[in-house]
J.: 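Quick one: the structure is below, questions incoming.
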There are 2 protein chains.
Amino acid sequence: MQLEVGAHRADKSAGRIRQHNEKLILTAAEQEFARYGFKGTSMQQVADRAGLPKANIHYYFNNKLGLYYAVLSNIIDLWDSSFNELDAHDDPAVVLPRYIATKLDFSRRYPQASRVFAMEILSGGPHLSEYFQQDYRDWFRGRAAVFEHWIAAGKMKPIDPAHLIFLLWGSTQHYADFAVQIDAALGEDRPQQELYETATRTLTEIILDGCGIRRD
Amino acid sequence: MQLEVGAHRADKSAGRIRQHNEKLILTAAEQEFARYGFKGTSMQQVADRAGLPKANIHYYFNNKLGLYYAVLSNIIDLWDSSFNELDAHDDPAVVLPRYIATKLDFSRRYPQASRVFAMEILSGGPHLSEYFQQDYRDWFRGRAAVFEHWIAAGKMKPIDPAHLIFLLWGSTQHYADFAVQIDAALGEDRPQQELYETATRTLTEIILDGCGIRRD
DNA sequence: GTCTATAGACTGATAGAC
DNA sequence: GTCTATCAGTCTATAGAC
């Protein structure tokens with residue numbers, strides 16, 4: 001699955017100043033869109049955070065929507081490509097723990113990007129209608145088929161693959177999207193590395209045992 | 001845990017017109033706050049959806065924040081009270097499936113309320129800072145202690161209780177918060193009842209087996 | 001209690017000087 | 001490429017007629 005929106009594409013041949021400024025703007029936009037969503041974010045906020053005049057944002061990214069797509073497509077490409085690596089010929093006991101660890105690592109490294117996506121979905125996904133087409137459903141079925149193959153091969157219990165996928169996605173993204181609540185529950189002073197190590201261990205154990213996948 | 005914000009309280013002794021209008025406004029506000037968050041929602045949107053003039057919203061709910069708290073506190077009270085019912089003396093094989101089913105039922109019946117909460121957390125929880133205090137941490141530890149008791153009693157495997165709680169919360173709320181993505185993956189034509197029945201069965205099986213809880 | 005009209009600030013976007 | 005100044009529209013909130 002590739003998100004094609006005909007929006008802004010980073011021009012690798014662009015000058016150094018342009019590259020630097022676009023990076024500043026994208027980072028600032030990610031922060032603001034993650035907090036306030038598309039509608040709730042103002043170009044002035046983005047400009048202020050980037051330390052540039054508002055007109056410059058419009059110069060680099062044609063309009064608000066172009067800037068939004070540039071931010072949103074990053075995390076989707078990342079997630080989809082890692083999910084695409086799961087193969088029916090792999091051993092789930094090897095690749096599922098790796099997938100859980102990778103997905104949790106995304107939550108740790110790119111929490112803002114995860115939140116931009118979550119905001120978009122909560123808003124009803126109006127800017128992903130092209131992405132969520134028949135192609136998406138076919139892609140999802142193909143991915144679910146990998147789990148069905150594992151079940152048929154006796155490598156895991158007969159569990160509804162779609163809901164297992166939702167569990168994998170939901171439980172891993174939760175650490176990025178609900179970080180504020182998690183911090184409030186555990187105390188912010190707790191080191192993040194330990195939090196994510198325990199999360200990876202716990203999630204892996206519950207899901208693998210829950211799916212009847214024999215580990216070493 | 002009780003959300004105390006000193007905001008609007010529904011006056012049970014109020015007239016019929018007032019009760020009716022407040023209900024209209026709260027329902028409309030829930031829809032809009034769920035889609036656009038606090039900052040992204042305008043009072044005009046809420047008024048249009050409720051079918052009332054904008055000034056009436058200000059008359060019934062003093063300001064935007066008062067309206068927001070009235071909506072937000074509903075789902076928090078609901079979630080907390082159901083989570084509070086888990087008791088150390090219960091059998092997890094009985095009460096955990098019930099909790100998962102209840103939480104999924106909340107996602108099915110009150111998806112908008114769940115999304116308002118998710119939006120608030122994604123936004124950094126600025127309006128829940130009073131709620132997320134030391135009291136919240138103590139409450140969370142007390143709830144985690146229930147699982148520790150079950151572990152000590154040999155009723156489940158030694159699993160980090162905090163992360164199990166996050167898994168329970170994240171996986172159940174995912175069905176409300178990411179409904180758009182789930183519909184896109186499975187097809188919107190699929191009957192909702194079947195979706196939630198399969199979700200309940202799959203989540204219950206994975207989590208209970210994953211925690212080593214013996215079921216009948 | 002209801003609703004129009006409006007104040008004062010902010011929105012996305014652009015023209016045009018530098 | 002950069003940035004000020006500005007437009008037309010929308011924001012929350014309220015004053016005041018009915």
Side-chain angles (χ1 to χ4, degrees), chain A residues 5 7-26 28-33 35-72 116 119-120 123 126-127, chain B residues 5 7-26 28-33 35-72 119 123 126-127:
Chain A
V5 287
H8 175 89
R9 274 183 295 162
D11 191 345
K12 303 255 174 133
S13 65
R16 265 168 248 135
I17 297 173
R18 185 183 197 96
Q19 276 197 330
H20 178 69
N21 281 349
E22 287 186 352
K23 184 84 180 174
L24 277 181
I25 296 166
L26 281 173
E30 193 177 65
Q31 306 262 336
E32 298 302 321
F33 284 134
R35 270 182 115 77
Y36 305 107
F38 178 75
K39 188 162 179 287
T41 295
S42 75
M43 297 297 267
Q44 188 66 62
Q45 287 174 251
V46 176
D48 289 348
R49 188 179 281 273
L52 292 169
K54 190 176 57 163
N56 285 32
I57 319 282
H58 279 94
Y59 172 73
Y60 284 114
F61 299 84
N62 195 25
N63 51 27
K64 193 180 176 181
L65 206 51
L67 178 58
Y68 186 64
Y69 278 132
V71 171
L72 187 58
V116 174
M119 276 272 180
E120 170 64 21
S123 302
H127 308 103
Chain B
V5 287
H8 174 88
R9 273 183 297 164
D11 191 344
K12 302 256 172 129
S13 67
R16 266 170 248 133
I17 297 174
R18 184 184 197 95
Q19 276 197 329
H20 178 69
N21 283 348
E22 287 187 351
K23 183 84 179 172
L24 278 180
I25 296 166
L26 281 173
E30 193 178 66
Q31 305 263 336
E32 297 303 320
F33 284 135
R35 269 182 116 76
Y36 304 107
F38 179 75
K39 189 161 179 285
T41 295
S42 76
M43 297 296 267
Q44 189 66 62
Q45 287 173 250
V46 176
D48 288 349
R49 188 180 280 274
L52 291 170
K54 190 176 57 165
N56 284 33
I57 318 282
H58 278 95
Y59 172 71
Y60 284 114
F61 299 84
N62 196 24
N63 52 26
K64 192 179 178 182
L65 206 53
L67 178 58
Y68 185 65
Y69 278 132
V71 171
L72 187 58
M119 276 272 181
S123 303
H127 308 102

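Below, chains carry the letters A, B, ... as their sequence lines are ordered, and counting in each starts from 1. Source: prediction; values computed, not measured.
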J.: Is A/Lys54 reaching over with its side chain to a backbone N or O of A/Ala47, donor-acceptor style, under 3.5 angstrom?
T.: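 No.
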J.: B/Met43 has an atom CE; how far is it from atom P of D/dA13, in whole Å?
T.: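 Answer to the nearest Å: 6 Å.
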J.: Round to the nearest Å and state the distance from B/Tyr36 atom OH to D/dT12 atom P.
T.: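 Whole-Å distance recorded here is 14 Å.
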J.: Rounded off to whole Å, could you give me the NE2-to-C1' distance for the B/His20 and C/dG1 pair?
T.: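 One finds 15 Å between C1' of C/dG1 and NE2 of B/His20, rounded.
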J.: Nearest-Å distance, CG (A/Leu65) to P (C/dT11)?
T.: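 Atom CG in A/Leu65 sits about 18 Å away from atom P in C/dT11.
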J.: Which nucleotide sits closest to the side chain of B/Tyr60: D/dA13, C/dA13, C/dG1?
T.: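 Within the option list, the nearest is C/dG1.
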J.: Specify the residue among B/Asn21 and A/Gln44 whose closest nucleotide of DNA chain C lies further upstream toward the 5′ end.
T.: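 On the 5' side of the pair lies B/Asn21.
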J.: Let me know the distance between CD of B/Glu22 and P of C/dT2, rounded to the nearest Å.
T.: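 Atom-to-atom, B/Glu22 to C/dT2, this comes out as 10 Å.
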J.: When you match A/Ala55 and B/Gln45 each to their closest nucleotide on DNA chain D, which lands nearer the 5' end?
T.: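 In this pair, the answer is A/Ala55.
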J.: More 5' along DNA chain C: A/Lys54 or B/Ile17, using each one's nearest nucleotide?
T.: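 Result of the comparison: B/Ile17.
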J.: What's the CG-P distance between B/Asp48 and C/dC3, to the nearest Å?
T.: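 One finds 13 Å between P of C/dC3 and CG of B/Asp48, rounded.
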J.: Check the angle between the aromatic planes of A/His127 and A/Tyr69 and answer parallel, tilted or perpendicular using the 30° and 60° thresholds.
T.: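 Rings of A/His127 and A/Tyr69: perpendicular, over 60°.
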J.: Let me know which of B/Val71, B/Leu26, B/Asn56 forms a side chain to side chain contact (heavy atoms under 4.5 Å, CB included) with B/Phe61.
T.: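 Per the side chain to side chain contact (heavy atoms under 4.5 Å, CB included) rule, the option paired with B/Phe61 is B/Leu26, out of B/Val71, B/Leu26, B/Asn56.
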J.: Using the side chain to side chain contact (heavy atoms under 4.5 Å, CB included) rule, pick out the option among B/Thr41, B/Val46, B/Asn62 that qualifies with B/Leu67.
T.: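 Only one option passes, and that is B/Val46.
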J.: What is the separation between atom OH on A/Tyr59 and atom P on C/dA15, rounded to the nearest whole Å?
T.: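 Atom-to-atom, A/Tyr59 to C/dA15, this comes out as 15 Å.
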J.: In whole Å, I'd like the distance from the CD atom of A/Glu32 to the P atom of C/dC10.
T.: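 Between P of C/dC10 and CD of A/Glu32: 16 Å.
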J.: Does A/His58 place a side-chain N or O at less than 4.0 Å from the phosphate oxygens OP1/OP2 of C/dT14?
T.: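 Answer no for this pair, as no side-chain N or O of A/His58 is under 4.0 Å from OP1 or OP2.
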